[in-house]
Amino acid sequence: MIVRSKILMTVLMFTVIFVSHAKNVKALKIVFTDIYMTTIYRITPSYFDKGALSGICDTINIVDTKKIKEVMQAVNELQEFTSYKTVPDTRGKIIFLYDDNQTEDLYFSAFFALYMGKLYELSNQFRLLMNRIIISKKPNSEVFQMVHRKKRSAT
């Protein structure tokens with residue numbers, strides 16, 4: 001019983017230490033272009049960073065904590081893709097700015113995301129969230145061109 005209490009106390013102590021030192025995202029920057037644009041070569045994340053699409057990219061900055069939490073939740077729910085190794089044909093990037101001014105990047109294509117060295121399959125939830133955020137900031141823009149069905153009127 002005493003050993004169990006000590007183990008529980010140790011786990012609780014490390015949890016408190018970890019949570020108190022966890023970094024919080026204080027801002028997001030989304031850099032994007034037309035997700036389905038065709039190029040003659042694959043735009044890797046390094047080419048994207050070097051400005052391969054710089055003349056046709058748009059940028060949105062987000063500091064609203066509610067939106068940041070929504071994005072982080074959508075990112076955390078992405079499923080890792082292990083069927084084969086590929087690099088996204090990059091059309092966008094999310095830059096996470098933490099409290100300590102460190103940054104992390106998530107690169108995305110129409111179907112995949114590269115984040116923290118791992119490849120993830122994009123979910124519809126992620127796509128719809130990106131569209132909603134982008135349209136709310138720039139009404140004439142849309143990164144993932146989803147088909148929106150209109151209700152038919154009765155005639």
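All figures in this text were calculated on a predicted structure; none of them were measured in a lab.
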CG/D99 to CG/N24 distance, rounded to the nearest 0.5 angstrom?
5.0 Å

Which residues pass the salt bridge (Lys or Arg N to Asp or Glu O under 4.0 Å) test with R42, not counting sequence neighbours?
none

Just grab all the ring pair (Phe, Tyr, Trp, His ring centres under 6.0 Å) pairs involving residues 63-83, residues at least two apart or on different chains.
F81-Y84, F81-F112

With the 4.5 Å side-chain cut-off for hydrophobic clustering, are M72 and I133 part of the same group?
yes

The criterion is side chain to side chain donor-acceptor pair (under 3.5 Å); which residues satisfy it with D100, sequence neighbours excluded?
none

What one should report as the nearest heavy-atom pair of L122 and S109 is CD1-O, 3.2 Å

By side chain to side chain donor-acceptor pair (under 3.5 Å), T39 pairs with (sequence neighbours left out) R91

Would you please name every residue forming a side chain to side chain donor-acceptor pair (under 3.5 Å) with Y98, sequence neighbours left out?
E104

Test side chain to side chain donor-acceptor pair (under 3.5 Å) applied to S123 - qualifying residues, sequence neighbours left out
none

List in chain and number order the residues that pass side-chain contact (heavy atoms from CB on, under 4.5 Å) with E80, two or more places apart in sequence or in another chain; answer none if no residue qualifies.
T82, K118, Y120

Checking E121 now: which residues fulfil salt bridge (Lys or Arg N to Asp or Glu O under 4.0 Å) with it, not counting sequence neighbours?
none

For F126, ring pair (Phe, Tyr, Trp, His ring centres under 6.0 Å) partners two or more places apart
none

For residues I68 and L97: do they belong to one hydrophobic cluster (side chain heavy atoms under 4.5 Å, members Ile, Leu, Val, Met, Phe, Trp, Tyr)?
no

Only distances under 3.5 Å count here; give the side-chain donor-acceptor pairs of residues 48-67 to other protein atoms, sequence neighbours excluded, each with its distance to 0.1 Å.
residue : atom : partner : partner atom : Å
D49     : OD1  : K93     : NZ           : 2.6
D49     : OD1  : Y107    : OH           : 3.2
D49     : OD2  : Y107    : OH           : 2.4
S54     : OG   : G51     : O            : 3.1
D58     : OD1  : K138    : NZ           : 3.1
D64     : OD1  : K66     : N            : 3.3

Side-chain heavy atoms nearer than 4.5 Å, only ILVMFWY residues, links allowed to pass through others: does that put L129 and V75 together?
yes

Is there a side-chain contact between V71 and M130 in this structure, where contact means two heavy atoms from C-beta onward sitting under 4.5 Å apart?
yes

May I ask whether L119 and Y47 are part of the same hydrophobic cluster, defined by side-chain heavy atoms of I, L, V, M, F, W, Y residues being less than 4.5 angstrom apart, directly or through others?
no

Linking I/L/V/M/F/W/Y whenever any side-chain heavy atoms sit under 4.5 Å apart, do V31 and L28 land together?
no

Shortest non-hydrogen contact from A113 toward L106
CB-CD2, 4.0 Å

Have a look at F108 and tell me which of D89, L78, L114, I35 forms a side-chain contact (heavy atoms from CB on, under 4.5 Å) with it.
I35

